[in-house]
Amino acid sequence: MRENKLIMMILILIIMASISSSIIMCKGEGNEFKLLSTYWGDTSQIEVTGGDYTTLTIILRYEGKWSFNNLVAKLSLPEPFKTSDKSNTATIYYKSTVTPGSIIQLAYQIYISPQALKGTYLSNLNLEYFISNYGLISQTIQIPLEITGRPNIQLSLYNETLIEGRQTALLTIKNLGDADAYNLQISRAYSSSITINNIGYTYIEHIKPGENVTSTIEIYVPSGLKGKMVQINFDIRYIGPRNSIYTETKSIQALINPQDPQPKLDVKLSTGELYIGKINKLNITISNNGYSAIRNVKMSISTDATIKVFGSSTMYIDDLEPWQSSSIPIDVYVPLTTAATGTITISTTYYDTARDVSVSDTRQITMLLRGFIELTLTDVAIIPASPRPNTPFSITITITNVGTSTAYATYATPILENLPIQPFGSRSVYIGNIDVNTPTTFTINLQLLNTTLTQVKLPVVLRYMDNLRNISEKSFEITINISPTTSTTTTTTQSRGTFISILTSPLTIISIIAIIVIVSGVLIMRWRRK
């Protein structure tokens with residue numbers, strides 16, 4: 001009997017040891033997936049910006065010891081990322097068998113909010129799978145999601161018309177994206193109607209967002225194309241901020257005018273953008289770039305519905321000698337609009353003395369319409385009004401946008417360098433969109449450190465985007481009065497001093513003596529009556 005009990009105890013110990021061993025091994029299995037790479041795109045890395053709907057690819061390597069075929073991969077998305085159904089969680093059920101050493105590729109379809117700011121965001125990838133020996137195993141891997149922005153190269157001819165014959169044309173290369181473009185090269189230019197030469201020399205090392213560069217190209221237009229439109233194709237290649245390679249073909253249209261030898265009239269505007277809701281001062285410069293005089297120059301201005309011109313739309317410049325210019329100031333108003341661009345059409349007519357003919361020219365100029373944003377400080381409330389050292393306090397700020405356009409994705413950040421103040425919670429406050437003429441209130445929570453100062457001035461910076469995604473900032477300065485730490489003791493001491501001074505004043509002493517005399521007289525009178 002004792003031998004049976006001993007055998008039973010040994011078996012129980014063996015079972016308990018095996019269970020403990022499996023539990024320990026199960027814990028070890030919880031970190032068996034290793035993150036190899038994360039990138040935007042299906043087969044190769046691409047760069048993304050706000051408004052994109054694209055693929056996020058995550059590549060993992062399984063370094064465990066056991067095979068399984070029931071992997072569930074849940075990706076928790078921070079703002080400004082969403083799934084196609086506007087959810088914050090994207091789930092993939094990986095049905096293929098996972099063996100030791102397997103490379104797992106997960107592809108999630110992700111939408112990026114148009115208001116997203118450039119930067120790196122962190123998300124969590126939760127992996128769950130079942131192994132019969134251990135049960136359900138879970139592992140969480142942190143996934144970086146980077147928004148770099150993306151360059152967008154557009155081409156255009158400086159003069160949108162060509163003439164028959166050989167000529168040098170100006171090609172404008174502009175970056176309309178929100179990220180830098182590097183090592184841009186136009187490798188080929190071709191057309192079925194005209195001949196383009198000397199394009200292989202076009203190489204630009206760096207173009208920032210909003211910048212434009214001009215390059216010259218040699219064009220030969222055969223006769224017989226007068227009044228027709230021709231298409232020119234350009235094969236371009238450039239690199240984005242994370243070394244993504246862009247290979248594109250851009251096409252532009254050009255109108256062929258009859259051959260127009262010198263003199264030549266040139267029209268330029270003093271700026272390429274206008275502010276919405278404001279009167280803009282604009283100068284139009286008319287130049288005679290030819291070798292002979294032009295007479296009776298007349299200019300007419302017309303616009304689309306987004307732009308209004310004050311005053312007369314027809315102006316007379318009279319005569320321009322060779323290489324002479326004339327500048328005409330005009331006032332332009334842009335009513336409230338959601339459009340990002342507007343068009344100004346400038347038509348000129350003049351008499352060419354060299355050719356003895358009247359010449360007409362019409363040019364359409366596209367203007368960027370930028371929202372006018374003006375943030376003003378409306379109210380400030382500090383609670384408590386005079387914070388003490390080593391105590392938290394809050395500042396409630398009300399701002400009003402007195403401009404004409406919404407300030408998008410606004411952040412408020414206090415500048416705490418060299419100040420005895422530290423954040424109490426999150427340092428920056430996300431305000432969101434600030435509409436026109438609508439007071440917007442936000443609160444910054446801070447903690448005052450130990451200091452002997454009685455007042456500090458706290459700068460607060462508001463960063464926001466306008467309708468063209470240009471990031472701007474506005475600074476305010478908040479004055480904070482600091483209550484000294486000895487204020488309670490001082491108040492008590494002052495109260496006691498005031499009480500003692502009242503007791504020792506002559507009026508108080510005389511009053512006390514008079515009361516004593518009256519009371520004594522009353523007591524003596526009562527004693528005599530008895």
Side-chain angles (χ1 to χ4, degrees), residues 33-61 71-94 103-129 138-152 176-181 209 240-246 340 406-413 425-434 442 462-472:
F33 279 95
K34 182 178 181 181
L35 178 64
L36 298 182
S37 66
T38 301
Y39 59 87
W40 295 104
D42 295 310
T43 58
S44 61
Q45 178 175 335
I46 64 173
E47 292 154 347
V48 297
T49 187
D52 284 353
Y53 182 74
T54 186
T55 301
L56 174 68
T57 300
I58 301 174
I59 299 179
L60 308 170
R61 181 172 63 226
L71 177 64
V72 179
K74 295 182 179 180
L75 182 66
S76 299
L77 297 171
E79 290 293 341
F81 304 94
K82 298 285 186 182
T83 63
S84 58
D85 58 355
K86 307 301 182 182
S87 173
N88 292 322
T89 303
T91 304
I92 290 179
Y93 297 92
Y94 192 84
I103 302 298
I104 308 299
Q105 180 170 315
L106 305 175
Y108 296 91
Q109 299 303 313
I110 305 298
Y111 174 72
I112 306 174
S113 170
Q115 288 77 36
L117 299 177
K118 292 192 288 186
T120 299
Y121 303 79
L122 296 178
S123 63
N124 290 324
L125 176 64
N126 182 258
L127 303 172
E128 291 184 351
Y129 52 96
S138 178
Q139 180 182 349
T140 299
I141 300 176
Q142 200 168 63
I143 306 296
L145 306 177
E146 185 179 21
I147 300 177
T148 59
R150 184 176 61 248
N152 180 16
L176 297 180
D178 57 354
D180 295 358
R242 290 296 180 267
N243 296 320
S244 293
I245 298 176
Y246 297 82
T406 300
Y408 297 98
T410 307
Y411 276 86
T413 304
S426 177
R427 178 171 180 174
S428 296
V429 177
Y430 178 70
I431 303 172
N433 298 341
I434 303 178
F442 62 94
L462 301 181
R463 291 183 175 89
Y464 56 89
M465 291 190 302
D466 61 19
N467 62 317
L468 300 180
R469 297 184 60 79
N470 183 58
I471 297 178
S472 304

Check side chain to side chain donor-acceptor pair (under 3.5 Å) between [X] and all other residues, then give those that pass, not counting sequence neighbours.
{"X": "Asn243", "value": "none"}
{"X": "Arg463", "value": "Glu473"}
{"X": "Asn124", "value": "none"}
{"X": "Thr413", "value": "Ser428"}

Can you give each donor-acceptor pair under 3.5 Å made by side-chain atoms of residues 74-83, sequence neighbours left out, with the distance rounded to 0.1 Å?
residue: Glu79; atom: OE2; partner: Lys82; partner atom: NZ; Å: 3.0
residue: Lys82; atom: NZ; partner: Asn88; partner atom: OD1; Å: 2.8
residue: Thr83; atom: OG1; partner: Asp85; partner atom: OD1; Å: 2.3
residue: Thr83; atom: OG1; partner: Ser87; partner atom: N; Å: 3.0
residue: Thr83; atom: OG1; partner: Ser87; partner atom: O; Å: 3.4

Kindly compute the distance separating [atom1] ([X]) from [atom2] ([Y]), expressed to the nearest 0.5 Å.
{"X": "Ile471", "Y": "Tyr408", "atom1": "CD1", "atom2": "OH", "value": "14.5 Å"}
{"X": "Leu125", "Y": "Leu35", "atom1": "CG", "atom2": "CG", "value": "8.5 Å"}
{"X": "Ile58", "Y": "Thr38", "atom1": "CD1", "atom2": "OG1", "value": "5.0 Å"}
{"X": "Gln109", "Y": "Ile92", "atom1": "CD", "atom2": "CD1", "value": "9.0 Å"}
{"X": "Asn126", "Y": "Ser138", "atom1": "CG", "atom2": "OG", "value": "4.0 Å"}

*Is there side-chain contact between Ile103 and Leu36, with at least one heavy-atom pair below 4.5 Å?*
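A side-chain contact under 4.5 Å exists here.
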
_If you define the side chain from C-beta out and look only at heavy atoms, does anything of Arg469 sit under 4.5 Å from Thr49?_
yes

*Could you list the residues that satisfy ring pair (Phe, Tyr, Trp, His ring centres under 6.0 Å) with Tyr246, not counting sequence neighbours?*
Tyr238

_Restricting to ring pair (Phe, Tyr, Trp, His ring centres under 6.0 Å), what partner residues turn up for Tyr411, sequence neighbours left out?_
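Once residues adjacent in sequence are excluded, the partners of Tyr411 under the ring pair (Phe, Tyr, Trp, His ring centres under 6.0 Å) criterion are Tyr430.
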
*Give the C-alpha distance, both sets of side-chain angles, the deciding distance and a yes or no for side chain to side chain contact (heavy atoms under 4.5 Å, CB included) between Val72 and Tyr94.*
CA-CA 6 Å; Val72 179; Tyr94 192 84; over 6 Å; no

Between [X] and [Y], which heavy-atom pair has the shortest distance, and what is it?
{"X": "Ala107", "Y": "Thr55", "answer": "CB-CG2, 3.9 Å"}
{"X": "Gly240", "Y": "Pro151", "answer": "CA-CG, 4.1 Å"}
{"X": "Tyr108", "Y": "Ala73", "answer": "OH-O, 3.1 Å"}

*Pairs where residues 103-114 contributes a residue and the test salt bridge (charged side-chain N to carboxylate O under 4.0 Å, His left out) is met, not counting sequence neighbours*: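 As it turns out, there is no salt bridge (charged side-chain N to carboxylate O under 4.0 Å, His left out) pair with a partner in residues 103-114 once direct neighbours are skipped.
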
Atom pairs and distances, side-chain donor-acceptor, residues 110-119, under 3.5 Å, sequence neighbours left out:
residue: Ser113; atom: OG; partner: Gln115; partner atom: N; Å: 3.3
residue: Ser113; atom: OG; partner: Gln115; partner atom: OE1; Å: 3.2
residue: Lys118; atom: NZ; partner: Asp178; partner atom: O; Å: 2.8

*Only counting residues at least two apart or in another chain, list the ones meeting salt bridge (Lys or Arg N to Asp or Glu O under 4.0 Å) with Glu128.*
none

*Show your working on side chain to side chain contact (heavy atoms under 4.5 Å, CB included) between Trp40 and Ser244 and close with a plain yes or no.*
CA-CA 11 Å; Trp40 295 104; Ser244 293; over 6 Å; no

*Could you walk me through whether Leu462 and Phe442 pass the side chain to side chain contact (heavy atoms under 4.5 Å, CB included) check?*
CA-CA 11 Å; Leu462 301 181; Phe442 62 94; 4.0 Å; yes

_One pair to check against side chain to side chain contact (heavy atoms under 4.5 Å, CB included): Thr43 and Thr57. What are the steps and the verdict?_
CA-CA 8 Å; Thr43 58; Thr57 300; over 6 Å; no

*Is the side chain of Gln139 donor-acceptor paired with the backbone N or O of Phe33 at a distance under 3.5 Å, no angle test?*
yes

Quick one: side chains of residues 142-150, donor-acceptor pairs under 3.5 Å with protein atoms, not counting sequence neighbours, listed by atom name and distance.
residue: Glu146; atom: OE1; partner: Arg242; partner atom: NE; Å: 3.3
residue: Glu146; atom: OE2; partner: Arg242; partner atom: NE; Å: 3.1
residue: Glu146; atom: OE2; partner: Arg242; partner atom: NH2; Å: 2.5
residue: Arg150; atom: NH1; partner: Asp52; partner atom: OD1; Å: 3.3
residue: Arg150; atom: NH1; partner: Asp52; partner atom: OD2; Å: 2.4
residue: Arg150; atom: NH2; partner: Asp52; partner atom: OD1; Å: 3.3

*By side-chain contact (heavy atoms from CB on, under 4.5 Å), which residues pair with Ser37, not counting sequence neighbours?*
Tyr39, Ile59

*Report the C-alpha distance between Asn433 and Thr410 in whole Å, list the side-chain angles of each, state the deciding distance to 0.1 Å, and finish with yes or no for side-chain hydrogen bond (donor to acceptor under 3.5 Å, both in side chains).*
CA-CA 6 Å; Asn433 298 341; Thr410 307; 6.0 Å; no

